[in-house]
Amino acid sequence: PSELVAPLLGMTSMLDFLRDDYFIYSFAFPLSVSYFCKNDISLHTIFMQQYIRYGGITLLLLILQTTIIPFTSIAGIIPDVMLVWLVYIALQTGQISATVTGFTIGLVLDLVSGQFLGLSALSKTVAGFFAGYFYNNNKVNYTIATSQFIIITAAVSFAHNILYFILFLQRSDVGLF
């Protein structure tokens with residue numbers, strides 16, 4: 001199959017197609033594309049390792065957010081480590097995975113807290129979607145290493161908290177104004 005693909009991609013020889021550090025596009029089926037590295041390690045395996053690593057970090061941060069971090073509150077304000085982690089994931093992987101991750105994190109937080117089911121899920125989903133707008137594949141490391149990360153996190157936190165508290169106050173006797 002790769003002999004058929006090389007001319008389609010405008011390559012003159014199979015040596016151009018099989019260069020060292022580049023990925024080889026192998027069209028196994030007409031509608032699906034599978035990617036392979038030089039050492040025959042599929043990108044699927046690499047992405048699964050990344051998602052398992054992100055899942056482990058998320059689980060660790062969930063445990064910290066619900067057990068230790070509430071004791072670090074200053075004047076009743078508890079830092080939302082999960083929201084900072086969600087912004088990081090959004091800037092690393094993009095909008096869709098951040099939206100799904102936000103929903104998952106929010107749902108687990110709702111189940112652990114025992115308050116309104118779906119409130120954190122909705123607000124973290126919207127926060128992940130909003131943070132995903134700032135994803136730029138070419139500037140991932142630059143965005144995370146500069147003050148842009150803090151500005152993006154502050155903007156996403158503001159939107160998240162506004163949505164969260166508007167929905168939260170709908171169920172209480174306290175009015176917005």
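Along the sequence shown, the residues carry numbers beginning at 1. Excluded from the calculations below are hydrogen atoms, water molecules and symmetry mates; all remaining heavy atoms, backbone and side chain alike, are included.
If you take CD1 on I144 and NZ on K139, they are separated by 14.0 Å, rounding to the nearest 0.5 Å. For the atom pair CG of L107 and OG1 of T125, the computed distance is 9.0 Å after rounding to the nearest 0.5 Å. Here the OG1 atom belonging to T99 is positioned 14.0 Å from the NZ atom belonging to K124, to the nearest 0.5 angstrom. Annotation: the span from L163 atom CG to F130 atom CZ amounts to 12.0 Å, rounded to 0.5 Å. Going from atom CG of L83 over to atom CD1 of I105 covers 9.0 Å, rounded to the nearest 0.5 Å.
Residues I150 and V84 do not share a hydrophobic cluster, clusters being chains of Ile/Leu/Val/Met/Phe/Trp/Tyr side chains in contact below 4.5 Å. By the criterion of side-chain heavy atoms lying less than 4.5 angstrom apart, applied directly or through intervening Ile, Leu, Val, Met, Phe, Trp or Tyr residues, F165 is not grouped with L86; the two fall into different hydrophobic clusters. F103 is not connected to F129 by any chain of hydrophobic side-chain contacts under 4.5 Å among Ile, Leu, Val, Met, Phe, Trp and Tyr, and they are in different clusters.
No side-chain donor-acceptor contact under 3.5 Å links Q65 to the backbone of L109. Between the S123 side chain and the S120 main chain, a donor and an acceptor come within less than 3.5 Å of each other.
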Decide side chain to side chain contact (heavy atoms under 4.5 Å, CB included) for F168 and L119; before the verdict, give the C-alpha distance in whole Å, the side-chain angles of both, and the deciding distance to 0.1 Å. CA-CA 7 Å; F168 183 76; L119 183 60; 3.8 Å; yes
T101/T93 under side chain to side chain contact (heavy atoms under 4.5 Å, CB included): CA gap, chis, key distance, verdict: CA-CA 11 Å; T101 304; T93 60; over 6 Å; no
Mind running side chain to side chain contact (heavy atoms under 4.5 Å, CB included) on L167 and L122 for me, showing each step along the way? CA-CA 10 Å; L167 294 175; L122 177 64; 3.4 Å; yes
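Annotation for I96: atom CD1 does not count as buried by contact number, only 12 or fewer foreign heavy atoms lying within 6.0 Å. Within a 6.0 Å radius of CZ in F134, other residues, nucleotides and ligands contribute more than 12 heavy atoms.
No side-chain heavy atom of V156 sits under 4.5 Å from any side-chain heavy atom of Y133. Annotation: side chain of I78 is in contact with side chain of I69 (closest heavy-atom distance under 4.5 Å). At a threshold of 4.5 Å between non-hydrogen side-chain atoms, the residues V140 and L91 do not count as touching.
Y135 meets the ring-ring contact (aromatic ring centres under 6.0 Å, His included) test with no other residue; sequence neighbours excluded.
Contact between A98 and I89 at its shortest, heavy atoms only, is CA-CG2, 4.5 Å. A90 and G128 make their closest contact through CB-O, 4.3 Å (heavy atoms, listed as atom of the first residue, atom of the second, distance).
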Side-chain donor/acceptor pairs under 3.5 Å, residues 53-63, sequence neighbours excluded:
residue, atom, partner, partner atom, Å
Y54, OH, Q50, NE2, 3.3
T58, OG1, Y54, O, 2.7
T58, OG1, W85, NE1, 2.7

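Aromatic ring orientation, Y164 versus H160: parallel (interplanar angle below 30°, classes split at 30° and 60°).
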